[in-house]
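Along the sequence shown, residues carry numbers from 1.
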Amino acid sequence: MNDSSWGAPQGAGYWGTPEMGAAPAGPAYDVHDAQQTRPMPNVPDVPDAGRDADDRDDRDGDAAHVGGPLFRDEKPQEPMSTPMPPPPQKKRAGRDLRAAIGVGVGLGAVIVASLFIVQAVFVGVIVVAVVVGLWELTSRLEERKGIKAPLVPLAVGGAAMVVAGYARGAEGAWVAMALTALAVLVWRMTQPPEGYLKDVTAGVFAAFYVPFLATFVAMLLTADDGPQRVLTFLLLTVVSDTGAYAVGWRFGKNKLAPRISPGKTREGLLGAVAFAMAGGALCMQFLIDGGSWWQGLLLGFAVAVSATLGDLGESMIKRDLGIKDMGTLLPGHGGIMDRLDSLLPTAPVVWLLLVLFVGSG
């Protein structure tokens, strides 16, 4: 809550309220100092006053400030008004919901259209998301930590990873990952040796975190019911995030990981699990060939856990970097990486469980 929500502050450089006839107090001294340093007024001796000059000054220090006479029959000053308690604050979302919903619907339309019309276009969408995500991550690392992970080999190797995973499966993805790591090591050798270890370490981490995990989305697409598997993966991740937000916003009280992400609650996690398990049962029953509802319950539970861990993982990275969002490309969402945080670690989980439940197809 902002401090301004407790009411507007009093005018700068003044002590008291307007009705008290306040005078400038200045930053160098307070009220007590003003009473001691300002010359006292010449007050006529009033019979039966019963107080000396100091007592009269204590009774009405404000009049002494303006040099007015002090008499017993003078009207007493009005007491300072008691500040009213602040009005109750409504719960508000941390982002622009209209922009977030609009961008989300637009991205969803592009993804679904490419997924069911031309699968190669969907692979291209994954590649674009990977390259932009790598750019955001490496840019923030350099800005905040001075770590220069080489973007060129990461971008080229990341795109190759996604294509290799789609064309050659897990074996192709692993080979491309190894070659990308090697390219990062060699590329960084063209620069001075200072910071070499931290730069290549960050580069290998970025290669695994963004393109390698995203490759499992392309691998989901290679099955006979590939579009349905990808759609299940996307729907369950979105449903998990939605359940966590809705339940946590309405009922959340107990923090889940306050040192990492203060906004997440245990109630929100339960909401994510409940929503994802219900969605998983429906998806496995009606979208996946050979699937059953009880498998969907297990799949939904796993998705809720992996999506939450992925969100917390990126929150840890952003806290270490001292930033709120990885980028600003998506109004209401942040950057591409702020949307991939829960998707990336969930992709291999969904791929593995679907292979175990119904085969590689």
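K145 has a carboxylate O that lies under 4.0 Å from a charged side-chain N of D320, or vice versa, which qualifies the two as a salt bridge.
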*Using the side chain to side chain contact (heavy atoms under 4.5 Å, CB included) rule, take L354 and L299 through it: C-alpha gap first, then chi angles, then the decisive distance, then the call.*
CA-CA 8 Å; L354 288 179; L299 180 64; 4.3 Å; yes
_side chain to side chain contact (heavy atoms under 4.5 Å, CB included) evaluation trace for L329 with W135_ = CA-CA 12 Å; L329 290 178; W135 169 70; 4.2 Å; yes
*Go through the steps to decide whether K148 and D199 satisfy the test salt bridge (charged side-chain N to carboxylate O under 4.0 Å, His left out), and finish with yes or no.*
CA-CA 5 Å; K148 299 179 180 180; D199 291 347; over 6 Å; no
*Go through the steps to decide whether M337 and L344 satisfy the test side chain to side chain contact (heavy atoms under 4.5 Å, CB included), and finish with yes or no.*
CA-CA 9 Å; M337 284 300 299; L344 289 174; 4.3 Å; yes
*Chi angles and distances behind the side chain to side chain contact (heavy atoms under 4.5 Å, CB included) call for L236, S240*: CA-CA 6 Å; L236 292 187; S240 172; over 6 Å; no
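Atom CG of L137 and atom CG of L154 lie 8.5 Å apart (nearest 0.5 Å). Rounding to the nearest 0.5 Å places CG of L220 at 12.5 Å from OH of Y166. Put simply, CZ on R250 and OG1 on T265 are 12.5 Å apart, with the number rounded to the nearest 0.5 Å. Taking CG of L256 as the reference point, atom NZ of K264 lies at 8.5 Å (rounded to 0.5 Å). In this structure, F208 CZ and M177 CE are separated by 7.0 Å, a value rounded to the nearest 0.5 Å. Atom CG of D341 sits about 9.5 Å away from atom CG of L312, to the nearest 0.5 Å.
Between the side chains of K198 and T201, no donor-acceptor pair of N or O atoms lies under 3.5 Å.
Contact of the W294 side chain with the Q285 side chain is not registered, since no non-hydrogen atoms from C-beta on lie closer than 4.5 Å. The closest side-chain heavy-atom distance from I288 to V358 is below 4.5 Å. No side-chain heavy atom of V230 sits less than 4.5 Å from a side-chain heavy atom of I111.
Using modelled atom types, one side-chain atom of E267 and one backbone atom of K253 make a donor-acceptor pair closer than 3.5 Å. Side-chain N or O atoms of K318 include none that pairs as donor or acceptor with a backbone N or O of D325 at under 3.5 Å. The backbone N or O of G322 sits less than 3.5 Å from a side-chain atom of R144, completing a donor-acceptor pair.
In the hydrophobic clustering of ILVMFWY residues, with side-chain heavy atoms under 4.5 Å counting as a link, L287 and L353 come out together. Hydrophobic cluster membership differs between V156 and V162, with clusters built from Ile, Leu, Val, Met, Phe, Trp and Tyr side chains linked at under 4.5 angstrom. Linking ILVMFWY side-chain heavy atoms closer than 4.5 Å, directly or via other members, places V128 and L340 in a single hydrophobic cluster. Under the 4.5 Å side-chain heavy-atom criterion for Ile, Leu, Val, Met, Phe, Trp and Tyr, L309 and V349 are members of the same hydrophobic cluster. Each of V247 and L270 belongs to its own hydrophobic cluster when Ile, Leu, Val, Met, Phe, Trp and Tyr are linked at side-chain heavy-atom distances under 4.5 angstrom.
Here the shortest heavy-atom pairing between P345 and G310 reads CG-CA, 3.4 Å. Contact detail for V121 and S114: the closest heavy-atom pair is CG1-CB, 3.7 Å. When all heavy atoms of L115 and P227 are compared, the closest pair comes out as CD2-O, 3.5 Å.
Between F212 and F216, the angle of the ring planes goes over 60°, which puts this pair in the perpendicular group of the 30/60° scheme.
With respect to R140, the salt bridge (Lys or Arg N to Asp or Glu O under 4.0 Å) criterion is satisfied by exactly one of E142, E136, E143: E143. Evaluated for a side chain to side chain contact (heavy atoms under 4.5 Å, CB included) with V130, the options I336, V210, L213 yield exactly one hit, V210. Looking at D311, T237, T346 one by one, the single match for side chain to side chain donor-acceptor pair (under 3.5 Å) with S306 turns out to be T346.
For CZ of F357, the number of neighbouring non-hydrogen atoms (other residues, nucleotides, ligands) closer than 6.0 Å is greater than 12.
Partners of T138 by side-chain hydrogen bond (donor to acceptor under 3.5 Å, both in side chains), not counting sequence neighbours: none found.
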